[in-house]
Amino acid sequence: MTTLKDVAKLANVGVSTASYALNGNKLIKESTRKKVLQAANELGYHPNGNAKNLKRSKNEMIGLFISGFTGPFFNQLLEGIQDVVVSHGYELVVCASNERHRMLTERLVDGAIILNYHIESELLKTVASEKMPLIVLDRDIEHPHIYTALLPNEKGINQALKHLEDKGHKEIGFIAGSTDSYDGEARLNAFKTYIKNHNLTTGLNKILRADFTEDSGYDTMRAFLNNSHHYPTAFVAANDEMAMGAIRAIEEKGLSVPADIAVVGFDDIIIAQYFQPSITTVRVHKKQWGESVAEAMLDILTGSDTKHLMQPPMEFIERDST
């Protein structure tokens with residue numbers, strides 16, 4: 001059986017350093033931490049913080065690891081997961097830390113659902129096992145005990161762009177989020193592919209970068225409008241919040257939405273229908289996504305077929321912003 005001492009030896013560090021590295025201690029240098037994670041992964045080492053409770057084979061807890069509680073997207077997803085988990089007699093533990101992941105590294109939960117791009121894939125590969133399976137919602141990762149439940153981002157972007165094409169738009173821009181978001185980059189790549197395949201390549205010159213917040217959408221669009229003399233007739237934003245910020249900047253410039261510039265969002269957060277103008281968007285059925293992911297986790301934990309692990313449906317919602 002592989003021990004922490006074996007990991008430390010392979011990584012050429014002390015046992016205490018290896019322990020601190022696996023637990024995300026900030027005092028450990030990044031290069032050392034990566035070396036320890038790689039050694040643990042190679043040896044198949046799984047730290048177990050439940051040594052004192054070995055008589056218990058199950059904690060009856062499922063962990064949900066998210067990047068933070070800000071933004072309206074998580075509420076319905078969390079509700080769907082919570083409803084299913086609790087109805088099956090489990091507890092749901094929600095962790096929003098970007099630094100320490102003791103619930104994972106010490107295997108304090110029976111299974112974990114991951115929607116936190118700050119957690120490195122190497123760490124997930126290290127901790128995943130038959131006794132602690134993972135479901136990831138924010139990356140594509142190969143591992144026998146890591147399952148993926150990804151959004152059909154390409155389908156949603158294609159729906160948005162076809163709608164704008166049908167409206168007669170020939171030059172369409174895109175407002176992307178931060179580069180470390182799997183879904184954000186998947187939506188951007190889908191946009192690029194569609195634009196090229198439909199001979200709308202001028203849109204590739206109008207890709208803006210923000211960080212998924214309304215304020216960043218406003219700042220990015222405001223800077224673009226102030227420094228450009230020619231604007232696309234439409235923009236697709238990688239989420240609704242950036243779309244709302246962009247609309248504020250467009251109207252502040254004295255332009256009209258959608259008469260001068262149409263705007264499409266993504267996610268269909270609750271406020272999108274009440275914003276002025278109401279946001280045309282791609283609806284992600286977030287609660288249904290959460291329910292199916294939680295059901296899949298329970299299937300895995302009970303040894304059943306993972307029939308619930310499927311992509312949630314996307315629905316295009318036309319409103320006043322286009």
Side-chain angles (χ1 to χ4, degrees), residues 1-59 61-70 91-149 178-185 211 297 300-301:
M1 180 179 177
T2 302
T3 66
L4 182 61
K5 187 175 180 180
D6 298 324
V7 174
K9 183 178 180 180
L10 181 59
N12 196 28
V13 298
V15 174
S16 59
T17 298
S19 176
Y20 287 139
L22 289 171
N23 285 297
N25 192 298
K26 290 182 179 181
L27 298 177
I28 302 300
K29 291 192 296 186
E30 182 67 15
S31 58
T32 301
R33 189 174 67 85
K34 288 186 176 180
K35 186 166 59 173
V36 172
L37 284 174
Q38 183 177 353
N41 193 32
E42 289 180 14
L43 294 173
Y45 173 73
H46 302 293
N48 187 358
N50 281 332
K52 297 178 182 178
N53 300 309
L54 287 175
K55 292 182 180 179
R56 294 183 62 192
S57 60
K58 293 289 184 181
N59 298 300
M61 292 193 298
I62 292 173
L64 172 61
F65 293 79
I66 58 178
S67 56
F69 292 102
T70 58
E91 290 183 69
L92 180 67
V93 181
V94 182
C95 304
S97 169
N98 295 332
E99 300 295 339
R100 296 174 62 83
H101 310 292
R102 287 185 58 249
M103 300 296 290
L104 281 176
T105 59
E106 297 184 15
R107 293 196 292 177
L108 300 176
V109 292
D110 298 323
I113 299 166
I114 310 295
L115 184 56
N116 184 344
Y117 55 80
H118 296 291
I119 302 178
E120 293 182 351
S121 294
E122 285 304 313
L123 175 61
L124 299 182
K125 291 178 183 178
T126 299
V127 301
S129 69
E130 185 177 3
K131 292 184 178 179
M132 196 183 79
L134 309 180
I135 298 180
V136 293
L137 314 185
D138 59 357
R139 72 199 74 191
D140 195 4
I141 185 170
E142 290 290 334
H143 189 282
H145 302 297
I146 299 178
Y147 305 79
T148 58
S178 52
T179 58
D180 47 8
S181 165
Y182 177 89
D183 287 314
E185 292 304 281
D211 67 5
M297 175 58 74
I300 296 165
L301 292 174

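All values reported here derive from a predicted model rather than from experimental measurement.
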- Message: Less than 4.5 Å apart, side chain to side chain, heavy atoms only: is that true for L123 and T105?
- Response: yes
- Message: Within the structure provided, determine whether Y182 and D140 are in side-chain contact (heavy-atom separation under 4.5 Å).
- Response: yes
- Item | Close side-chain approach of I300 to I135, heavy-atom, < 4.5 Å | yes
- Item | From CG (D180) to OH (Y117), nearest 0.5 Å | 4.5 Å
- Query: If you take all heavy atoms of I66 and N116, which pair is closest and at what distance?
  - Reply: O-ND2, 3.1 Å
- Message: Nearest 0.5 angstrom please: S129 OG to I146 CD1, how far?
- Response: 10.0 Å
- Query: Which atom names give the shortest non-hydrogen contact between L137 and D183, and what distance separates them?
  - Reply: O-OD2, 4.0 Å
- Message: Would you compute the distance between atom NE2 of H143 and atom CG of N41 and round it to the nearest 0.5 angstrom?
- Response: 6.5 Å
- Item | Partner of S31 under side-chain contact (heavy atoms from CB on, under 4.5 Å), chosen from K34, K35, K29 | K29
- Measuring from I113:CD1 to C95:SG, what's the distance to the nearest 0.5 Å? 11.5 Å
- Whether over 12 other heavy atoms sit under 6.0 Å from E42 CD: yes
- Nearest heavy-atom contact between I119 and R139 is O-NH1, 2.6 Å
- Query: If we only count heavy atoms from C-beta on, is the L22 to L37 side-chain gap below 4.5 Å?
  - Reply: yes
- Note on the structure: On a heavy-atom basis, the closest approach of K125 and E142 is CE-O, 4.1 Å
- Item | Taking every non-hydrogen atom, the tightest pair across T126 and A40 | CG2-CB, 3.7 Å
- Message: Show the nearest heavy-atom pair for residues V93 and M61, with the distance to one decimal.
- Response: CG2-SD, 3.7 Å
- Item | Any L104 side-chain heavy atom under 4.5 Å of L124 side chain | yes
- Any chance you could measure I28, atom CD1, to T17, atom OG1, to the nearest 0.5 Å? 5.0 Å
- Message: Taking atom CD as the centre, does E30 end up with more than 12 heavy-atom neighbours from other residues, nucleotides or ligands that are less than 6.0 angstrom away?
- Response: yes
- What is the distance from atom OG1 of T179 to atom CD of E185, rounded to the nearest 0.5 Å? 6.0 Å
- Sort out for me which residue in L301, D110, V109 forms a side-chain contact (heavy atoms from CB on, under 4.5 Å) with M132. V109
